[in-house]
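Structure first, commentary second.
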Amino acid sequence: MGLTRILLAAAVGLSLSSSLHAADIDPKNWDAVLEEARGQTVYFNAWGGSENINAYLEWVSGEVNARFDIDVVHVKLDDTANAVARVVAERTAGRNEGGSVDLIWINGENFVAMKEQDLLLSPGWAQDLPNWQYVDFENQPSILTDFTVPTEGLQSPWGGAKLVFFYDEARTDAADLPQDAESLLAWAKENPGRFSYPAPPDFIGSSFLKQVLSELIDDREKLQQPVDPETFEADVAPLFAYLDELHSVAWRSAAAFPQNYPDMKQKLADGELDIIFAFNPAEASAAIAAGELPDTVRSFTFPEGTLGNTHFVAVPYNSSAAAGALVVADFLISPEAQLRKQDPAYWGDPTVLAMAKLSDADRAAFDALDLGVATLAPDELGPIIDEPHASWMERIEDEWRRRYIAGN
């Protein structure tokens, strides 16, 4: 059982009431929110493993400070679960006000864990933010359900994500690229040592496991429901049979794994790996622009679909700067902030906004973006495979560790 789950379980018995939530803040009265937020410091807990994302958050901090007199401090995480565990520990200690986490970059199992234990600001605030009017919730259903769990306005969308693979066409023939998980395994056997994935619980590594399982499970609909303990072993057997074969021909024969996506990116640049992957279609173009990858790197995806989801920001129930956190969340979905975020020169993260809802000037600015030589057009990304219910990932990660780490 992971640290977050252990701490959550320890907190289950605590009595919850409305007093556990941050001071009443009504985003419908935005002027009052802005007034209360003035002078606050927002501790924004977000993954800190990417230089371009960190630089983007520095820009956000400067803009929010200049416009709203709010200081934003980026608390750099290597695992979102650590911030979740901190909120749980504070509740266990009775610290129901003045919490250390004001805003958190979150989705998936961490969101589900916080929602189940009522650790988030009261539902509905996200849809009441002024810039919600631009959000494309009609055509991006993962904005309203996170890993099959309804978001209920407990978190505000920040960006889209789609699993995409990268290769260097100077070394790898596009005609030989795999078209699905099975042909990826065949490719790895023909090119031993040239493919790997980060070890779970790294997000990208876990996403690879979910992609393979989604393709190989006998009934994909099972993944949209909580894990059935009685059938779990049989349900995941195709995944681990696949991994057993893959590991025998993987980079370093799976005696070691890439640390994370930046590590895979470096290995592609250094010629150690020939195919890598990320959850952002613009990652390769952004890396080319930053001089991290050669300009011969290109993208591909599987014609039958790859995983897709939305990532969010949420406000813990005991935030010490809830008003400021809402102002930051609203700024993050402004057309200006979303435009800069989608620009691969800064980040390249897909927008959650609907172009039809924007002004002519804002829409023209998005249309004028150069997404980069390695970025696939939206109609080339292929179908989206829905994320499994959050309960699957914890069970799969535990089983992965038992099989491939515990005995070593």
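Hydrogens, waters and symmetry mates are skipped; everything else that's a heavy atom, side chains included, is used. If you're wondering where the values come from, they're calculated on a predicted model, not measured in any experiment.
- Residues L307 and S207 share a closest heavy-atom pair of CD1-O, 3.4 Å.
- Taking a cutoff of 4.0 Å between a charged side-chain nitrogen and a carboxylate oxygen, K357 and E138 qualify as a salt bridge.
- Checked options W47, W105, F312; the residue passing with W158 is W105 (criterion: ring-ring contact (aromatic ring centres under 6.0 Å, His included)).
- Here the two rings, on F147 and W392, have centers that are 6.0 Å apart or farther.
- Residue pairs meeting the ring-ring contact (aromatic ring centres under 6.0 Å, His included) criterion with at least one member in residues 65-88: none, sequence neighbours excluded.
- Across I25 and A323, no two heavy atoms sit closer than the pair CD1-N, 3.3 Å.
- Here D367 contributes atom CG and M355 contributes atom CE; the two are 7.5 Å apart, rounded to the nearest 0.5 Å.
- Under the 4.5 Å side-chain criterion, counting only non-hydrogen atoms from C-beta, L209 is in contact with P200.
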Evaluate side chain to side chain contact (heavy atoms under 4.5 Å, CB included) for D128 paired with W132, printing each intermediate quantity in order.
-> CA-CA 7 Å; D128 290 331; W132 176 264; over 6 Å; no
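- A donor-acceptor contact shorter than 3.5 Å links the side chain of R220 to the backbone of S214.
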I would like to know whether E304 and I385 meet side chain to side chain contact (heavy atoms under 4.5 Å, CB included); could you show each step before the answer?
-> CA-CA 9 Å; E304 296 302 314; I385 294 177; over 6 Å; no
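- Using a distance-only test at 3.5 Å, with no hydrogens or angles considered, a donor-acceptor pair links the side chain of D330 to the main chain of N131.
- At distances below 3.5 Å, not a single donor-acceptor pair connects side-chain atoms of R194 with backbone N or O atoms of A188.
- The distance from atom OG1 of T151 to atom CD1 of I143, rounded to the nearest 0.5 Å, is 9.0 Å.
- Proximity of a side-chain donor or acceptor of D102 to a complementary backbone N or O of S320 within less than 3.5 Å is detected.
- Donor-acceptor pairing under 3.5 Å is recorded for the side chains of D168 and T296.
- A donor atom on one side chain and an acceptor atom on the other are found under 3.5 Å apart for T306 and K162.
- Checked for salt-bridge contact, R171 and D274 meet the test: a charged N lies under 4.0 Å from a carboxylate O.
- No option in I288, T172, V373 other than I288 meets the side chain to side chain contact (heavy atoms under 4.5 Å, CB included) test with V297.
- No hydrogens or angles considered: a donor-acceptor pair under 3.5 Å links the side chains of N139 and D136.
- Between K267 and D263, at least one side-chain N (NZ, or NE/NH1/NH2) sits under 4.0 Å from a carboxylate O, which counts as a salt bridge.
- Geometric assessment of R395 against the ring of F232 yields a positive cation-pi assignment under the 6.0 Å and 45° thresholds.
- Side-chain atoms of D146 come within 3.5 Å of backbone atoms of G108 as a donor-acceptor pair (strictly under, hydrogens ignored).
- Using a 4.5 Å heavy-atom cutoff, the side chains of R340 and E63 are not in contact.
- Checked against the 6.0 Å centroid threshold, W59 and F331 count as a close aromatic pair.
- The backbone N or O of A181 lies less than 3.5 Å from a partner atom in the side chain of Y242, making a donor-acceptor pair.
- At least one donor-acceptor pair under 3.5 Å links the side chain of S391 to the backbone N or O of V227.
- Annotation for S156 and L129: closest pair OG-CD1, 3.8 Å, computed over non-hydrogen atoms.
- The structure places CD of E399 at 7.0 Å from CD of E233, a figure rounded to the nearest 0.5 Å.
- Considering CH2 of W347 and OG of S50, their distance stands at 8.0 Å, rounded to 0.5 Å.
- In the model, Y167 has no side-chain atom that pairs as donor or acceptor with a side-chain atom of D173 under 3.5 Å.
- Aromatic ring centroids of H247 and F257 lie under 6.0 Å apart.
- Side-chain N/O atoms of E221 and Q225 include no donor and acceptor closer than 3.5 Å.
- Here F195 and F208 bring their ring centres to under 6.0 angstrom of each other.
- E90 contributes atom CD, which lies 12.0 Å from atom CD of E97 (distance to the nearest 0.5 angstrom).
- The main-chain N or O of T375 is found under 3.5 Å from a side-chain atom of S285 such that the two form a donor-acceptor pair.
- Within 6.0 Å of CD on E51 lie no more than 12 heavy atoms contributed by other residues, nucleotides or ligands.
- In this structure, L34 CG and L326 CG are separated by 10.0 Å, a value rounded to the nearest 0.5 Å.
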For V149 and H389, what are the C-alpha separation, side-chain angles and deciding distance, and is it a side chain to side chain contact (heavy atoms under 4.5 Å, CB included)?
-> CA-CA 7 Å; V149 176; H389 185 276; 4.3 Å; yes
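- Counting only heavy atoms from C-beta outward, the side chains of K115 and P150 approach each other to under 4.5 Å.
- Heavy atoms of other residues, nucleotides or ligands lying less than 6.0 angstrom from CD of E336 number more than 12.
- Around the CZ atom of F366, the shell of radius 6.0 Å holds more than 12 heavy atoms that belong to other residues, nucleotides or ligands.
- Between the side chains of N65 and D71, at least one donor-acceptor pair of N or O atoms lies under 3.5 Å.
- When all heavy atoms of M264 and S196 are compared, the closest pair comes out as SD-O, 4.0 Å.
- Side-chain rings of F300 and F165 approach one another, their centers coming within less than 6.0 Å.
- The two residues T351 and L353 come nearest to each other via the heavy atoms OG1-N, 3.0 Å.
- The side-chain hydrogen bond (donor to acceptor under 3.5 Å, both in side chains) test applied to Y261 returns no partner, not counting sequence neighbours.
- Judged by distance alone, with hydrogens and angles left aside, the side-chain atoms of Q224 form a donor-acceptor pair with the main-chain N or O of E387 at under 3.5 Å.
- Counting only distance, with no hydrogens or angles, the side chain of S183 and the backbone of D180 share a donor-acceptor pair below 3.5 Å.
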Could you go step by step and tell me if Y404 and L243 meet the side chain to side chain contact (heavy atoms under 4.5 Å, CB included) rule?
-> CA-CA 10 Å; Y404 304 123; L243 294 179; 3.4 Å; yes
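- Salt bridge annotation for R401-D398: present, with a cationic side-chain nitrogen under 4.0 angstrom from a carboxylate oxygen.
- Residues R95 and N318 share a closest heavy-atom pair of O-ND2, 2.9 Å.
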